[in-house]
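Proteins get letters first, then strands, A, B, ... in listed order; numbering begins at 1 in each.
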Protein chains: 2
Amino acid sequence: MAAFKSALSGNRLLSDNRLDQSGTCMTNTAPDQRSDGLHYIDMRDRVAGRIASGELKPTDKLPSERQLQEEMGLARGTVREGLFQLEAEGLIYRRDRSGWYVSPPPVVYDPTRWEGFISYVEAQGRVPATETMSAETIVADPLLAEVFGRRAGAPLYMIRRRRHVDGRAVLVEQIVVDAALTPDLLRFSFDQSLTEILKSAYGLSVARNVVSMQPCALTGYEAEVLGAKSGLPGLAVQRTSYDAQGRVVEFDREHWRHDAVRISVDTRVR
Amino acid sequence: MAAFKSALSGNRLLSDNRLDQSGTCMTNTAPDQRSDGLHYIDMRDRVAGRIASGELKPTDKLPSERQLQEEMGLARGTVREGLFQLEAEGLIYRRDRSGWYVSPPPVVYDPTRWEGFISYVEAQGRVPATETMSAETIVADPLLAEVFGRRAGAPLYMIRRRRHVDGRAVLVEQIVVDAALTPDLLRFSFDQSLTEILKSAYGLSVARNVVSMQPCALTGYEAEVLGAKSGLPGLAVQRTSYDAQGRVVEFDREHWRHDAVRISVDTRVR
DNA sequence: GAGTGGTCTAGACCACGGG
DNA sequence: CCGTGGTCTAGACCACTCT
């Protein structure tokens, strides 16, 4: 019913920045007309309202589940149902056994550009941080051998990092580079920009990116290191970067929290 | 602990097609070593195992929740918890009040190319279908006016469509085009390719795409028309297409089921 | 009308976070 | 240590689908 207006407003994609405003998609906190009788939706709307009004701001802690339960006269399970809704919408997130918090706005990310995470995030007025989880020499399994066009067993470097925005862990990544192109790479610290290292120390720069993205659930290792509950929606990004000679410079797999990122790509059509 | 092998296997992104094999990410059905004592995870693993083994195939219906409950000696809530995990991972989906089904593999989609949905899907051996929900003339609100570089109040066409793959509704989209560039557009049927219409009837082709993507929750209208429960993870895609003169040819917003799509982009670095 | 998932209640105990 | 969320049980009734 003539919903095109609302379809375009309450839009997290349109504005280029900062749009923690109104609501999320279309269900929205909207008027007050709601109260479908669905208790967990009412609960969702009430909390969403507090966020929209600014009563609760990004990174604020919500009242405890038991407080909300009492406050709204519901069973705890129903309260949690409403919280899961809000989490799925990216409005709130949880810290294990600590509580529920209001999500900050997402970071905008263009995986087709060869710019570092750090410059991206800073350009958006946020504070980036990187932790190197591991950096080691590995040998190419058949899969990686194919990616890099080497024999199985060829030496590669693998770096695992965790990245933060404003102190919150938002992604884990695992980068593989060809040891033949980057001798002695492990002498560097990877808490800074790898992009920069590859360019300045090895003269490698990227001419082509092949990127693949898929909504996923964060489970196992990724959920654990992001401090997320297994099953939290996420975004898996895989990037293969080539230089002008067609050599694979970087093979990168990233797992993002779903509420922490917005992908933006600008391309000429071939 | 030396998990890089498993980090690269069980990978839905790597292979270019069909990879309903092993598991999803890393938690995997893996060995049998599990049985953490977490009942809903056991339950997840058991069902995931049946899917991995081929005992349950895409589009197959799972046993009812009450059957699973009895079969595994769990409370129904616990069974549902496990089913939600599998849903989040994209392994299964539900049809409201009908049952749970095994998800078919996702479609690969490149939003930066100006090819139609139909050719994409067919090229992957799947059966596409399109339903036009509405097609109407609207006037530009301030937001759309800015997008199209017109005055507020300028005439535009808006088309809403629902797209299916193999009979399953996987996305809803809302396309806005400039009426000044496409006079009398509404005389066409939009169950076929809009791309084709714009090119052959109006000589419009696309030189540049600006695409933005964000994991989201499907709620309200989108959830409803996709037959999904509100809160289901989805992917919101917004595309603005320009022709060689820099005029906006199409402004498109799509909402996909999270388990139905994988995004792939191939770009030259500028 | 039978069977399915969707919602909701009112408990319980546990594992972990943080003071 | 206490408070938090995480897991789990055992019911109940409803709304809808399917045949």
Practice item. Establish, for the pair B:Arg44 and B:Phe84, whether the NZ or CZ atom is under 6.0 angstrom from the six-membered ring centre and no further than 45 degrees off its axis. Key: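 Relative to the ring axis of B:Phe84, which defines the angle, B:Arg44 lies outside at least one limit.
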Check your understanding: Are A:Arg95 and A:Tyr101 in a cation-pi contact, defined as NZ or CZ under 6.0 Å from the six-membered ring centre and within 45° of the axis?
Key ->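 Satisfied, under 6.0 Å and within 45°.
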Side chain of [X]: nearest nucleotide among [options]?
X	options	value
B:Ala75	D:dT9, C:dT4, C:dC8	D:dT9
A:Tyr40	C:dG6, C:dT4, C:dT7	C:dT7
B:Arg97	C:dT4, C:dT9, D:dT7	C:dT4
A:Arg76	C:dA12, D:dT9, C:dT9	C:dA12
B:Arg80	D:dG6, D:dC18, C:dG5	C:dG5
A:Glu81	D:dT4, C:dT4, C:dT7	C:dT7
B:Gln67	D:dG6, C:dT7, C:dT4	C:dT4

Review point. Is there a donor and acceptor pair closer than 3.5 Å between the side chain of B:Arg94 and the base of C:dG6?
Key: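 In this structure, the two groups form no donor-acceptor pair.
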**Study point:** Heavy-atom donor-acceptor pair, A:Arg66 side-chain to D:dG5 base, under 3.5 Å
**Key:**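 Counting by modelled atom types and ignoring angles, a donor-acceptor contact under 3.5 Å is found here.
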Exercise for review: Measure the distance from CZ on B:Phe84 to P on D:dT7 and round it to the nearest whole Å.
Suggested key: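 Interatomic distance, CZ of B:Phe84 to P of D:dT7: 13 Å.
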Practice item. Rounded to the nearest angstrom, tell me the gap between atom CG in A:Leu38 and atom P in D:dA15. Key: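 Atom-to-atom, A:Leu38 to D:dA15, this comes out as 10 Å.
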Please determine if a side-chain N or O atom of [X] lies less than 4.0 Å away from the OP1 or OP2 oxygen of [N].
X	N	answer
A:Thr78	C:dT9	yes
B:Lys61	C:dT4	no
B:Ser98	D:dT17	no

Under-4.0 Å salt bridge between [X] and [Y]:
X	Y	value
B:Asp259	B:Arg257	yes
B:Arg253	B:Glu173	no
A:Glu131	A:Arg161	no

Review point. When the nearest nucleotide of DNA chain C is assigned to A:Leu74 and to A:Arg95 on a heavy-atom basis, which residue is associated with the more 5' position?
Key: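 That would be A:Leu74.
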